[in-house]
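Structure first, then comments.
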Number of protein chains: 2
Amino acid sequence: MNGGQARPTIKTICAMTGLSTATVSKALRQSPEVRPETRAIVEEAARKVGYSTNLHGVQLRTGKTYQVAILMTTPTSDLVEWEGVEYAQLLSGISHAMEGTRYRVALYPIRDYNEAQDTVRRIIRNRLADGVIFSGTRPDDGRVRLLQEADFPFVTYGTTEAHAPHAFVDSDNEGIVRTAMQRLFDRGHRRIALINPGEHLSYGRTRLATYQDMLKSAGIDYDPALVAHGILTPGFGREQVMIMHALKDPPTAYICANEASALGALSGFAACGLVHGRDAVINATDDLNVSAYFTPPLTTFYLPITRPAELLGRHILKVMAGEPPERLQTLLMPDLIERSDDRLRTIERP
Amino acid sequence: MNGGQARPTIKTICAMTGLSTATVSKALRQSPEVRPETRAIVEEAARKVGYSTNLHGVQLRTGKTYQVAILMTTPTSDLVEWEGVEYAQLLSGISHAMEGTRYRVALYPIRDYNEAQDTVRRIIRNRLADGVIFSGTRPDDGRVRLLQEADFPFVTYGTTEAHAPHAFVDSDNEGIVRTAMQRLFDRGHRRIALINPGEHLSYGRTRLATYQDMLKSAGIDYDPALVAHGILTPGFGREQVMIMHALKDPPTAYICANEASALGALSGFAACGLVHGRDAVINATDDLNVSAYFTPPLTTFYLPITRPAELLGRHILKVMAGEPPERLQTLLMPDLIERSDDRLRTIERP
DNA sequence: ATCAAAAATATAAACGTTTACATTTGCCAA
DNA sequence: TTGGCAAATGTAAACGTTTATATTTTTGAT
């Protein structure tokens, strides 16, 4: 499998140069303890035989794994829907941020929150990685607790509330909802629906709290019937539109927390005979710029997912290098892309 | 970081049981050389201290990495579009197939074909993994060549032509296009457009060849203006519809190779004032069941991506175990889901 | 030239596992 | 009892690296 000759090791270079393993090892790592001339000799020899360090030796000796574990939420049922599609770009962004380092991204598929905690425990206990990245944070998050107790490097995609400061990246959900609501108020809307993720998720909570806050300052009563919590698939978006449209006083605007549920909401419009822009409007948050291709295109808060992804990668490298997490907290505000005017049309109702 | 006491090793168990490292090692691996009673003692001790094997030791000693490298195509430009979104599910499916084994999925982000080849070379040379999985195969594929020369285990998502047999998983593109074309013929269509991936890709070639074949047997002349090759983003689908609709004799049906381009095609319909079902129809291939939520829902060939994904994982495990690749070649035929009747409406044209 | 101190290099052990080989144990037939 | 053999266990080396410590070399002041 390797064409005959074994892979060169430090000993190969020792034999070539007459130096000791210690010196060669140090030279290869640019240690100031070795003379520049010596280092040059070592580097030349290394180049000649095509030496590259065997990570397994390093890992065993140092205990470092040079792996960053990414907990990847995977579909819970056989029914595959358009969920978590932005994960691919997230992973590639993180991987790119790792280029040029020894670190590799290792995937840990998890089905739910409990499995995620078990996996985190296993990673800590068996030191399967040097750092962990995960998303879907909760205000009081068991994974954060475990990692902080173990003093284990990690970065979350999403915020928490009940914990000591830790590194995170998130989109500015408060800013998004605030801006979206104000814009809809300005255009005459008073019945605004919120299509939200599961209640336990931080970003859902943030969105809801901001939503309630904005209603209050506009003097509008909070109506729980206009808020839906669930897994943000197209199916969910569609279903919620159909439910809410059947209300006595249906919403005239929908704020969807992702592009998938927004697509489903549009599908629900079609199913109910609603016309977007006439009967009601939909606003979305979009990581993939896909809502530009919906019919009709939607007004959206667009944050290319590569941006948070790269930040997650850069942050975890810094956390692993020992940088204090307080400085590694980033909120990103998406761009508002207005693709429809979204003004409230006065509709005659019985 | 580890709460004081060091992680238990084989030596820990030796100390507890009075056995030698060799015996303990063998006992832990269920070797028949050790008496069942002895093994029981070892297992009990292991359980007690919560022993788990340190992979780094194994890796160094055996040379195995217990990593499966996945070459992940990542966006080439800053413009993030809805491309490669099914990758997330692909990764999670593969990871799930690995559960219960020592193997982990490690991600190698690559920007293009050349980088993929370099990465493959590096993986082989430095033995960064025990197996490789990649997609986007070409009829004569440099990566396949490299891996076969090195006798390195791999599975492709997609077929090749110019190589010795190797393990692969793919959807039955010939079957898809054949069925789709026949169905459209049956419904009166004669001007059928093909929205295809890049020409160099195997599955694009297969689709085109089948397309031409079907045209021929139906006695219809091949018109290159009805075939588009490109990166299958929504933007591409939209653009191609707009171009083809401007033809003297525009298509009455579009066959899109994925859900993203189909969404874009629908968007193109809206932009041109075309009505789906009246002026023309769109058929798609869909890994994510998302075209059910388009407006209108599209007729589609649906293969939940988890199926090929799990197969890729199972196949690579078998290839690494030494099973001959001839038996590890799977073509999957998606289900045809008819969401519109797609009959040709006679349209008055000037 | 001598010597101490500093700089550079060498020695050897260690990380945790597997495995070739050696040794011991248990068993059975003679 | 002895010898022989198979089964079970033990010994020790090896995988490739890093690093504490020891040794050698160089430097510079005297």
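Reminder, nothing fancy here: chain letters follow the sequence lines and each chain counts from 1.
Per the geometry, NZ belonging to A:Lys11 stands 13 Å off P belonging to C:dA13, to the nearest Å. Rounded to whole angstrom, the span from the CG atom of A:Leu28 across to the C1' atom of D:dT19 amounts to 15 Å. Note: CZ (B:Arg7) to P (C:dC15) measures 14 Å, nearest angstrom. For B:Lys26 and C:dT19, the NZ to P distance is 9 Å, given to the nearest whole Å. Here the C1' atom of nucleotide C:dT18 and the NE2 atom of A:His56 are 15 Å apart, to the nearest Å. Atom CD in A:Glu33 sits about 13 Å away from atom P in D:dT21, given to the nearest Å. The distance from atom CD1 of A:Ile13 to atom P of D:dT18 is 11 Å, rounded to the nearest whole Å. Atom-to-atom, CG of B:Leu55 to P of C:dG16 comes out at 13 Å; the value is rounded to the nearest Å.
Note: A:Leu91 CG to B:Ser92 OG = 10.5 Å, rounded to the nearest 0.5 Å. Put simply, OG1 on B:Thr137 and NE2 on B:His163 are 9.0 Å apart, with the number rounded to the nearest 0.5 Å.
A heavy atom lying under 4.0 Å from DNA chain C marks the following residues of residues 58-67 of chain A, by number: A:Leu60, A:Arg61.
Side chain of B:Thr9, nearest nucleotide from C:dT17, C:dA20, C:dT18: C:dT17.
With hydrogens and angles left out, the side-chain atoms of A:Ser52 and A:Arg7 include a donor and acceptor closer than 3.5 Å.
Ion pairing between a basic and an acidic side chain is recognised when a charged N comes within 4.0 Å of a carboxylate O; A:Arg138 and A:Asp141 show no such pairing.
Regarding contacts with the backbone of C:dT9, every side-chain N or O of A:Ser20 stays at 4.0 angstrom or more from both OP1 and OP2. Between D:dT17 and A:Ser25, no contact under 4.0 Å exists linking OP1 or OP2 to a side-chain N or O. Note on A:Thr38: a side-chain N or O is less than 4.0 Å away from OP1 or OP2 of C:dT9. The side chain of B:Arg35 contributes no N or O atom lying less than 4.0 Å from OP1 or OP2 of D:dA7.
The shortest distance between side-chain heavy atoms of A:Asp140 and A:Arg145 falls below 4.5 Å. Taking the side chain as every heavy atom from C-beta outward, A:Thr53 and A:Arg102 approach each other to under 4.5 Å.
Contacts of B:Thr53 with the nucleic acid, taken as non-hydrogen atoms under 4.0 Å apart, involve only primed sugar atoms and P, OP1 or OP2.
Of the options A:Tyr157, A:Phe134, A:Phe154, a ring pair (Phe, Tyr, Trp, His ring centres under 6.0 Å) to A:His166 is made by A:Phe154 and by none of the others.
The residue among A:Arg102 and B:Leu19 whose nearest nucleotide of DNA chain D is located toward the 5' end is B:Leu19. Along DNA chain D, the nucleotide closest to B:Val24 and the one closest to A:Gly57 are compared, and the more 5′ of them pairs with B:Val24.
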